[in-house]
Amino acid sequence: MTGSSCRLARGRAAGYSSRLRRYRLSFMDEIYRPEVIEPEVQARWDESRCFEVTEDRSREKFYCLSMFPYPSGRLHVGHVRNYTIGDVIARYQRMRGRNVLQPMGWDAFGMPAENAAIQSKVAPARWTYDNIEHMRRQLKLFGFGYDWSREVTTCRPEYYRWEQWLFTRLFRKGLIYKKNAVVNWDPVDRTVLANEQVINGRGWRSGAEVERREIPQWFMKITHYAEELLAELETLEGWPESVRTMQRNWIGRSEGVELQFPVEDHDVPLTVYTTRPDTLMGVTYMAVAAEHPLAVEAAVERPDLTEFMEDCVRMHASEATLETMEKKGMPLGVNAVHPLTGEPIPIWVANFVLMAYGTGAVMAVPGHDQRDWEFATRYGLPIRKVIDPLEGSPADVSEGAFVEYGRLVNSGNFDGLTSEQAFNAIADHFQVRGNGRRRVNYRLRDWGVSRQRYWGTPIPIVNCGECGAVPVPDEALPVVLPEDVEFDGQGSPLKRMPEFYRCKCPQCGGRAERETDTFDTFMESSWYFARYTCPDNDGAILDSRVNYWLPVDQYIGGVEHAILHLLYARFFQKLLRDLGLARDGEPFTNLLTQGMVLKDGAKMSKSKGNTVDPEPLAKQYGADTVRLFMMFAAPPDQSLEWSDDGVEGAHRFLKRLWRAVYVHVEAGLPELVEPDDLTGAQRQIRRRVHETIAKVGDDIGRRYTFNTAIAATMELLNDLGRFDDESEAGRWVRQEALSTLVLVLSPIVPHACQMLWECLGGEGLVIDQRWPEADQGALVRTAVEMVVQVKGRIRGRITVAADADDGTVTEAALAEPNVQRFVGDAEVRKVIVVPGKLVNIVV
RNA sequence: GCCGGGAUGGCGGAACUGGUAGACGCGCCGGACUCAAAAUCCGGUGGGGUGAAACCCGUGCGGGUUCGACUCCCGCUCCCGGUACCA
């Protein structure tokens with residue numbers, strides 16, 4: 001029992017690994033040495049290629065997918081958490097007999113590679129490939145069971161050529177179009193900035209005031225699928241309700257009316273969309289965007305207007321900025337005509353109306369819209385009440401807008417109608433006259449996929465003076481992104497590379513130019529999960545294997561992707577289906593959104609200096625300890641507070657488990673004993689073992705609460721520490737208990753459990769063992785303790801037979817001395833019995 | 001601003017369907033082992049109260065429903081994620 005048998009594990013002496021292959025019983029080291037066992041177990045997984053899988057129609061498949069990382073350089077603890085969750089689920093499902101696919105790859109295009117290029121003069125491609133090498137090695141260190149033969153790297157032509165191919169198919173199908181869209185323009189660096197590169201309205205590097213600029217860009221018609229994307233959310237029962245709600249709100253279906261207001265002295269009317277036509281009689285002004293033709297026209301020879309409109313342009317393009325900024329406007333001096341009353345209505349130009357969204361004009365009803373109310377109050381515009389509540393006192397719009405539905409007042413012929421009746425009456429009125437119509441509108445906008453960046457997938461379009469935009473034909477794909485470039489941050493190098501953009505028109509053969517814009521990097525991540533099923537196919541984007549593996553049974557990733565990535569991926573799956581390339585319309589059956597990893601209550605970031613590097617920790621404690629800590633510290637969907645002491649505690653538990661097995665095994669393995677022959681104490685431990693099996697299986701398989709699963713195994717190990725029965729039967733009970741602990745912990749701490757499994761006499765890989773099942777016979781209890789409450793407050797405890805009826809339980813409860821003290825001679829009005837738990841006596 | 005989420009001992013968290021608040025771990029306190037320390041093992045640990053008990057208070061804040069509320073309802077505060085070019 002002292003450190004006598006340490007001869008194996010002293011480290012990296014030649015030949016240790018072959019001896020470790022027979023590592024068991026008397027060969028077992030008393031001390032837990034992760035630095036020895038982890039490389040050894042990983043070598044065994046590699047040699048047996050046990051995580052490489054193929055389609056097998058005779059077995060139930062399970063596709064377990066974690067969101068692939070952007071290769072930023074080093075593995076972050078957030079990655080380790082995400083991938084441990086996925087690995088635990090994958091290993092558990094495999095032990096449940098499923099044919100499990102768990103792939104990994106690289107979301108390799110993106111801005112950080114360009115930023116690194118500017119800072120350290122290394123080409124984005126070089127930087128990216130180096131990072132991938134480094135991070136792949138780190139992932140292997142943590143023992144994740146990936147099928148590396150399926151690795152995809154999105155910046156490789158083998159991958160993005162199929163994205164380009166798909167785009168040309170969608171182009172021909174009419175799902176792609178070009179229009180102007182707003183970007184953040186840095187006038188000093190002469191580049192387009194991402195929203196996160198704009199800080200307080202200024203470029204992050206130049207410090208120049210950012211301008212909004214409109215440039216032509218490619219769009220995908222995701223709005224064509226808005227209705228289906230919305231409707232099928234209802235079928236995604238394996239998704240968190242919060243994510244479904246966010247997507248529902250993002251798509252934002254509304255039913256409203258599009259109306260035309262004539263404009264004085266103009267032929268073209270002003271068109272607006274409203275979901276509240278019932279408030280039409282309350283319109284007191286109109287607001288248009290700075291780029292609106294009416295505003296532009298009015299600004300001629302009006303320097304004050306021109307100045308205001310130029311101010312509107314110097315503004316960050318994000319929604320958050322738009323909605324929180326001060327709402328400002330100026331009257332144009334032009335009137336619209338109210339379509340019902342003929343009254344003149346002043347038209348204003350306002351900074352919160354954008355030309356790109358809707359019609360670039362809105363009707364304002366300050367009495368019944370809070371934003372309009374604030375604007376009207378600020379500029380002294382009239383506020384008119386046209387809706388009162390259906391019940392109760394009339395609305396008062398002098399202190400704020402009344403935004404509820406109700407009954408119409410001050411609305412002429414429509415007075416007395418409810419909002420709903422008025423909606424229909426007014427919609428019909430316009431429809432009949434042809435100056436308005438009912439319309440379903442979506443908040444969701446088409447997806448702008450052009451980026452004025454270098455490090456991305458080249459857009460496979462050739463612009464020809466004769467033929468216009470022509471998709472690159474299949475035989476000319478891929479359009480390869482040149483990797484050997486000088487990148488200085490002054491716009492994309494592709495725009496300075498005639499050898500890249502000069503080409504012949506595929507249609508007429510005349511001189512033409514390629515697109516130098518690249519795709520939004522969300523494109524690559526919108527279909528990678530499908531490509532994992534057949535990454536080796538160089539003749540087609542997908543093949544029949546996709547329908548064996550898809551849909552993904554379990555998808556795991558950060559909540560921050562709840563809307564954009566997950567919506568785009570759902571959209572792509574529908575596109576693939578409609579092109580006949582895949583069967584399913586939804587890609588992810590079950591979704592687990594992981595919370596963030598915090599330190600000192602804050603998100604880890606370089607600027608705060610509170611980052612934790614997982615690799616040194618794995619070196620110091622072993623990967624299993626890091627995995628265990630991350631699964632134990634919080635349930636996966638909550639944020640996780642990092643704690644060095646917590647890591648230490650996780651390590652201690654593994655040491656205790658190791659030692660418990662060592663001490664047990666050193667005395668030899670026990671003979672099988674029939675459960676019927678056990679004593680009370682032995683039965684009790686055995687019941688705890690089978691309770692633990694049931695608990696852990698439920699926690700991992702259904703609830704995904706790995707923290708409580710681990711807590712349950714800790715409790716069992718604690719109980720085992722107090723169980724010092726060295727009889728043959730006692731030793732058999734302990735053998736069963738320890739084997740159970742090793743099996744149920746193996747998805748979480750796979751390296752240690754593999755070794756312990758062998759020490760306990762197990763054969764082969766733990767990953768190939770069957771998940772244990774609880775023996776119902778072992779779970780039977782004879783007596784239970786129940787709590788007794790008087791008027792909802794605990795006054796005592798009683799122990800009763802497990803099968804006692806309510807009457808017996810009530811009698812025992814009333815007999816309890818402290819309960820009697822509180823009941824006294826009061827009349828018992830009611831007794832509530834919750835079987836096996838509590839009795840509440842109401843007096 | 002809008003949408004979604006969160007708040008429980010000194011700390012991370014548990015309490016799953018309205019039924020024993022604080023499982024498990026960390027930290028801390030006490031003890032064993034040791035010349036001593038580390039490691040390890042055993043015990044204690046929400047606050048008040050008591051010799052010990054009884055008992056009282058306690059799940060961000062203010063109300064409500066219920067025999068019973070961390071859990072459900074109404075109204076707030078603060079923190080986090082997303083907000084369409086960060087990934």
Side-chain angles (χ1 to χ4, degrees), chain A residues 67 69-70 72 107 110-112 115 181 183-184 192-198 240-243 245-250 252 317-325 327 352 370-371 443-448 450-453 520-522 525 558-565 567-568 593 595-596 598 601-603 629 632-635 637-650 652-653 655-656 659 698-699 702-703 705 707-708 710-715 718 721-722 785-795 797 818 821 829-832 834 837-843:
Chain A
M67 290 181 185
Y70 177 78
S72 53
D107 188 15
M111 270 199 329
N115 296 336
V183 295
N184 301 307
V192 175
L193 298 179
N195 285 337
E196 72 159 6
Q197 294 174 317
V198 181
E241 194 51 52
S242 57
V243 175
T245 303
M246 279 191 267
Q247 292 216 348
R248 209 174 284 127
N249 294 339
W250 184 261
S318 78
E319 190 204 18
T321 311
L322 188 71
E323 292 288 328
T324 51
M325 73 188 177
K327 310 290 186 293
F352 56 88
Q370 191 58 28
R371 186 181 71 181
R443 207 188 77 95
L444 178 70
R445 308 194 299 260
D446 277 337
W447 179 9
S450 299
R451 295 291 179 271
Q452 295 67 48
R453 308 201 183 284
D520 178 2
T521 56
F522 272 125
S525 53
V559 232
E560 63 273 20
H561 295 296
I563 297 178
L564 293 181
H565 162 62
L567 193 67
Y568 293 145
T593 50
M596 288 189 315
L598 311 176
K603 188 175 174 174
F629 166 71
F632 180 63
D637 56 340
Q638 270 177 44
S639 62
L640 181 151
E641 178 67 34
W642 186 264
S643 157
D644 291 334
D645 285 337
V647 176
E648 194 82 45
R652 262 202 293 269
F653 172 67
K655 286 196 287 191
R656 288 208 298 137
R659 188 166 172 82
D698 189 50
D699 283 352
R702 179 182 65 89
R703 296 211 304 151
T705 51
N707 55 330
T708 53
I710 293 164
T713 65
M714 288 173 167
E715 286 184 71
N718 289 344
R722 286 183 285 268
E785 188 186 63
M786 292 177 75
V787 155
V788 185
Q789 300 183 333
V790 179
K791 289 205 303 189
R793 301 186 64 109
I794 295 169
R795 299 304 181 187
R797 284 158 205 277
N818 200 46
R821 211 158 68 80
R829 283 173 40 215
K830 197 154 117 187
V831 178
I832 294 142
V834 182
K837 292 201 166 154
L838 68 75
V839 186
N840 189 10
I841 295 158
V842 188
V843 294

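First the proteins, then the strands, lettered A, B, ... as listed; each starts at 1.
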Checklist line | Phosphate contact (rA87(B) OP1 or OP2) by Q197(A) side-chain N/O below 4.0 Å | finding: no

Check: Within less than 4.0 Å of OP1 or OP2 of rA14(B), is there a side-chain N or O belonging to N707(A)?
Finding: yes

Next item on the list: Taking only the side-chain nitrogens and oxygens of K655(A), find out if one of them lies under 4.0 Å from OP1 or OP2 of rU40(B).
Entry: yes

Notebook entry, point to check: Are OP1 or OP2 of rA84(B) and a side-chain N or O of N195(A) less than 4.0 angstrom apart?
Noted result: yes

Item checked: Side-chain N,O (K603(A)) to OP1/OP2 (rG81(B)) below 4.0 Å -> yes

Check: Contact class for T521(A) vs. all strands (heavy atom < 4.0 Å): base, sugar-phosphate, or nothing?
Finding: sugar-phosphate

Notebook entry, point to check: Could you state the CD-P distance from Q247(A) to rG4(B), rounded to the nearest angstrom?
Noted result: 13 Å

Margin query: Between rC67(B) and N840(A), counting only base atoms on the nucleotide and side-chain atoms on the residue, is there a donor-acceptor pair under 3.5 Å?
Written below: yes

Notebook entry, point to check: So which one's nearest nucleotide on RNA chain B is more toward 5', Y70(A) or L444(A)?
Noted result: L444(A)

Checklist line | Atom-to-atom span, CH2 of W250(A) to P of rC3(B) - whole angstrom | finding: 14 Å

Next item on the list: If the plane angle is over 60° it's perpendicular, under 30° parallel, otherwise tilted; pick one for W447(A) and Y568(A).
Entry: parallel

Next item on the list: Tell me which nucleotide among rG1(B), rG13(B), rA23(B) gets nearest to the side chain of E715(A).
Entry: rA23(B)

Margin query: For the residue pair D107(A) / S525(A), report whether a side-chain donor-acceptor contact shorter than 3.5 Å exists.
Written below: no

Notebook entry, point to check: Base, sugar-phosphate alone, or nothing: which one does I794(A) contact when heavy atoms must sit under 4.0 Å apart?
Noted result: sugar-phosphate

Notebook entry, point to check: What nucleic acid atoms does R821(A) come within less than 4.0 Å of, heavy atoms only: base, sugar-phosphate, or nothing?
Noted result: sugar-phosphate

Item checked: Q789(A) (side chain) and rC67(B) (base): donor-acceptor pair under 3.5 Å -> no

Next item on the list: Answer yes or no: does a side-chain N or O of N718(A) lie under 4.0 Å from OP1 or OP2 of rG25(B)?
Entry: yes

Check: With a non-hydrogen cut-off below 4.0 angstrom, is V192(A) in contact with a base, only sugar-phosphate, or nothing?
Finding: base

Next item on the list: Tell me which nucleotide among rA54(B), rC67(B), rA84(B) gets nearest to the side chain of E319(A).
Entry: rA84(B)

Next item on the list: Would you tell me if any nitrogen or oxygen in the side chain of T245(A) comes within less than 4.0 Å of OP1 or OP2 on rG4(B)?
Entry: no

Check: Between K655(A) and E648(A), does at least one N-O distance fall below 4.0 Å, as a salt bridge requires?
Finding: no

Next item on the list: Give a yes or no on whether the backbone of M325(A) and the side-chain of K327(A) come within a donor-acceptor separation of less than 3.5 Å.
Entry: yes

Notebook entry, point to check: How should the glycosidic conformation of rG12(B) be described, syn or anti, under the criterion that syn lies within 90° of 0?
Noted result: anti

Next item on the list: Using a 4.0 Å heavy-atom cut-off across all strands, classify F653(A) as base, sugar-phosphate, or nothing.
Entry: nothing

Check: Between Q197(A) and N184(A), is any pair of side-chain heavy atoms under 4.5 Å apart?
Finding: no

Notebook entry, point to check: Taking the same atom, C1', in rG75(B) and in rG68(B), what whole-Å distance lies between them?
Noted result: 24 Å

Next item on the list: For R702(A) and for V834(A), locate the closest nucleotide of RNA chain B by heavy-atom distance; then report the residue assigned to the nucleotide nearer the 5' terminus.
Entry: R702(A)

Notebook entry, point to check: Looking for any heavy atom pair under 4.0 Å, which part of the strands does H561(A) touch: base, sugar-phosphate only, or nothing?
Noted result: base

Next item on the list: Tell me whether the OP1 or OP2 atom of rG58(B) has a side-chain N or O from R793(A) closer than 4.0 Å.
Entry: no

Notebook entry, point to check: If you look at every strand shown and take non-hydrogen atoms under 4.0 Å, does V183(A) touch a base, only sugar-phosphate, or nothing?
Noted result: base

Check: Are the side chain of R443(A) and the backbone N or O of W250(A) linked by a donor-acceptor pair below 3.5 Å?
Finding: yes

Notebook entry, point to check: R451(A) side chain N/O closer than 4.0 Å to the phosphate oxygens (OP1, OP2) of rC85(B)?
Noted result: yes

Item checked: Nucleotide rC85(B), atom C1' - distance to OH of Y568(A) in whole Å -> 10 Å

Margin query: Quick check on rC26(B): is either OP1 or OP2 less than 4.0 Å from any side-chain nitrogen or oxygen of R652(A)?
Written below: yes

Check: When the C1' atoms of rG30(B) and rG19(B) are considered, how many whole Å apart are they?
Finding: 36 Å

Check: Below 3.5 Å, does any donor atom in the side chain of R797(A) face an acceptor in the base of rU20(B), or the other way round?
Finding: yes

Next item on the list: Kindly indicate whether the side chain of F629(A), heavy atoms from C-beta on, has any atom under 4.5 Å from the side chain of L640(A).
Entry: yes

Margin query: Using a 4.0 Å heavy-atom cut-off, does D637(A) contact any base of the nucleic acid, only the sugar-phosphate backbone, or nothing at all?
Written below: nothing

Next item on the list: Ignoring backbone atoms, test whether R703(A) places a side-chain nitrogen or oxygen under 4.0 Å from the OP1 or OP2 oxygen of rA15(B).
Entry: yes

Margin query: Does a side-chain N or O of R795(A) approach OP1 or OP2 of rC55(B) to a distance below 4.0 Å, or not?
Written below: yes

